[in-house]
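This report refers to the structure that appears directly beneath it.
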Amino acid sequence: MMFWDLKYFLLVMLPSLVIGIWAQMKLSSAFGKYSQVPVDSGMTGAEAARQILDHAGLNDLPVEEVPGELSDHYDPTKRALFLSSGNFHGQSVAAVGVAAHEAGHALQHLHQDALFNLRMALVPVTQFASYAWMGVFFIGMIMHFHSMLWIAVAIFSVMTLFQLVTLPVEYDASARAKEQLFRLGLVREDERAGVSKVLDAAALTYVAALVGSALQLLYYISAARNDRN
Ligand SMILES: [Zn+2]
């Protein structure tokens, strides 16, 4: 069994690549479209996020600008919201939607959302797992030490679990975003549909990541099962 054999390419790499590219294309198209649609309120992404945070009592949580495209994120360790320049200054449905989504993560943190906390706790474990599993797997293969393959599989499964937990956290952040935007009157009813399209497309990239990780996990399980000699 090799990592880079044809079966691996056809069963894992190719489908992961196809669904990954498909998700990216959906996101690019939705984001491209709605970053050209201005919000009626004339609000920037930064202003929308600020309003949502202030309304939740998070007046001291900073909203900062970061370079890059779609580099927007909420950093729970710094307790700060970072928006890419385009979304920070943008007055579009897409910019306001993404900014509100990141504010949604800050609300999850504030409300001690269980899955958000679990995801946060899994970050360092996942980082360790992403390095450790391959080393253990290779040593197991080379030394024909069968049980090490299963240890590698177990370590890898932490990464799949992380992707699995990420998914509901992302959908929940988007749901909170839409609710807040509408409740605070930051977007109109018809604008909300555009926000949904952008955020749903963004969530697809997390679905793609989960599918890729799950395919890899299944492949390694079958590789470990077949390695009986
Ligand atoms: Zn998110």
Side-chain angles (χ1 to χ4, degrees), residues 27 30-31 34-35 37-124 126 162-207:
L27 177 57
F31 190 80
Y34 288 100
S35 58
V37 179
V39 274
D40 198 42
S41 65
M43 209 167 252
T44 64
E47 286 165 348
R50 184 72 273 153
Q51 289 236 8
I52 293 171
L53 295 173
D54 287 351
H55 183 78
L58 294 169
N59 308 66
D60 56 344
L61 198 146
V63 178
E64 288 170 24
E65 184 180 350
V66 279
E69 193 139 305
L70 289 179
S71 49
D72 313 76
H73 64 282
Y74 168 68
D75 188 329
T77 55
K78 291 181 185 155
R79 292 192 73 94
L81 213 143
F82 296 93
L83 298 178
S84 60
S85 301
N87 291 333
F88 189 93
H89 299 287
Q91 297 165 304
S92 65
V93 168
V96 164
V98 171
H101 169 93
E102 299 310 334
H105 285 307
L107 296 184
Q108 290 173 328
H109 197 187
L110 173 72
H111 297 134
Q112 291 290 303
D113 179 85
L115 285 175
F116 179 85
N117 283 346
L118 174 60
R119 186 181 183 275
M120 214 164 76
L122 280 173
V123 169
T126 305
F162 179 75
Q163 301 290 358
L164 188 67
V165 172
T166 295
L167 212 55
V169 171
E170 292 303 327
Y171 276 104
D172 178 67
S174 292
R176 288 173 190 263
K178 281 180 266 182
E179 190 198 325
Q180 293 301 314
L181 284 174
F182 197 61
R183 224 157 61 114
L184 300 176
L186 305 177
V187 296
R188 291 191 323 242
E189 181 73 51
D190 57 318
E191 292 171 335
R192 190 156 71 158
V195 168
S196 284
K197 288 213 173 100
V198 172
L199 296 183
D200 287 350
L204 276 183
T205 62
Y206 294 101
V207 175

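The analysis underlying the following values was restricted to heavy atoms, covering all of them including side chains, and did not include hydrogens, waters or symmetry mates.
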Inter-residue atom distance Glu47.CD - Asp54.CG, 0.5 Å rounding: 11.5 Å
Mind running side chain to side chain donor-acceptor pair (under 3.5 Å) on His89 and Thr44 for me, showing each step along the way? CA-CA 5 Å; His89 299 287; Thr44 64; over 6 Å; no
Rounded to the nearest 0.5 Å, how far apart are CG of Leu83 and OH of Tyr74? 13.0 Å
Could you tell me if the side chain of Val63 sits less than 4.5 Å from the side chain of Phe88, heavy atoms only? yes
Would you sort out whether His73 and His105 count as a side chain to side chain contact (heavy atoms under 4.5 Å, CB included), showing the intermediate values? CA-CA 9 Å; His73 64 282; His105 285 307; over 6 Å; no
How about Arg192 and Leu181: do any of their side-chain heavy atoms sit closer than 4.5 Å? no
Is the shortest side-chain heavy-atom distance between Leu107 and Asp113 below 4.5 Å? no
Looking at Val169, is its backbone amide N or carbonyl O close enough to the side chain of Gln108 to form a donor-acceptor pair, meaning the two atoms are under 3.5 Å apart? yes
Is there a side chain to side chain contact (heavy atoms under 4.5 Å, CB included) between Leu199 and Tyr171? Walk through the geometry before answering. CA-CA 8 Å; Leu199 296 183; Tyr171 276 104; over 6 Å; no
No-hydrogen, no-angle side-chain donor-acceptor test under 3.5 Å, Ser84 and Glu69: no
Tell me whether Gln91 contacts the main-chain N or O of Pro38 through its side chain, where contact means a donor paired with an acceptor under 3.5 Å. no
Between Glu191 and Asp40, is there a donor-acceptor pair closer than 3.5 Å when you use the side chain of the first and the backbone of the second? yes
On a heavy-atom basis, the closest approach of Leu110 and Ala56 is CD2-O, 3.7 Å
Validation row: Arg176, His111 side chains within 4.5 angstrom (heavy atoms): yes
Using the side chain to side chain contact (heavy atoms under 4.5 Å, CB included) rule, take Asp172 and Leu115 through it: C-alpha gap first, then chi angles, then the decisive distance, then the call. CA-CA 10 Å; Asp172 178 67; Leu115 285 175; over 6 Å; no
Kindly compute the distance separating CG (Leu186) from CE (Met43), expressed to the nearest 0.5 Å. 5.0 Å
Evaluate side chain to side chain contact (heavy atoms under 4.5 Å, CB included) for Val98 paired with Phe31, printing each intermediate quantity in order. CA-CA 10 Å; Val98 171; Phe31 190 80; 3.9 Å; yes
Taking the side chain as everything from C-beta on, heavy atoms only, tell me whether Leu184 gets closer than 4.5 Å to Ile52. yes
